[in-house]
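Just so it is clear, the values below take in all heavy atoms, side chains as well, and ignore hydrogens, waters and symmetry mates.
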Amino acid sequence: MAGFVRELIGPKRIDAPAGVDTAKAVAINLLLVAMFAVQHSVMARPAFKRLWTRFVPQPIERAHVCLDGKRP
C-alpha cells in the first residue's frame with residue numbers, strides 16, 4: 001500500500017483521478033456483467049453439462065462449475 005501512496009509501485013497515486021471517462025467505464029462494466037451472465041446461462045444448460053462431463057469427471061463437475069462462476 002505504501003508503494004502506491006508514494007508512487008513507487010504503479011503508474012499513479014492511489015488518490016489520483018481515474019483517467020477514464022465515465023461512459024467508457026460503464027461500457028466496460030456492462031460488458032463484464034454480460035459475459036458473466038452468458039457464462040452462467042450457458043453452463044446451466046443440460047446440453048452443456050453433458051458435453052462438459054466428457055472432459056471433467058462427474059463427481060467434480062459441480063465444483064468446477066462453481067469455481068468458474070467465481071472467477072473475475
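- Remark: T22 OG1 to N29 CG distance equals 11.0 Å, nearest 0.5 Å.
- By the rule that hydrophobic residues join a cluster once side-chain heavy atoms approach within less than 4.5 Å of another member, I28 and F36 end up as members of separate clusters.
- Cluster annotation: V56 and V42 are assigned to the same hydrophobic cluster (Ile/Leu/Val/Met/Phe/Trp/Tyr, side-chain heavy-atom contacts under 4.5 Å, transitive).
- Residue M43 comes nearest to K49 through the heavy atom pair O-CE, 3.6 Å, listed as atom of the first residue, atom of the second, then distance.
- Hydrophobic clustering, defined by side-chain heavy atoms of Ile, Leu, Val, Met, Phe, Trp and Tyr closer than 4.5 Å, leaves V33 isolated from every other such residue.
- Aromatic ring orientation, W52 versus F48: parallel (interplanar angle below 30°, classes split at 30° and 60°).
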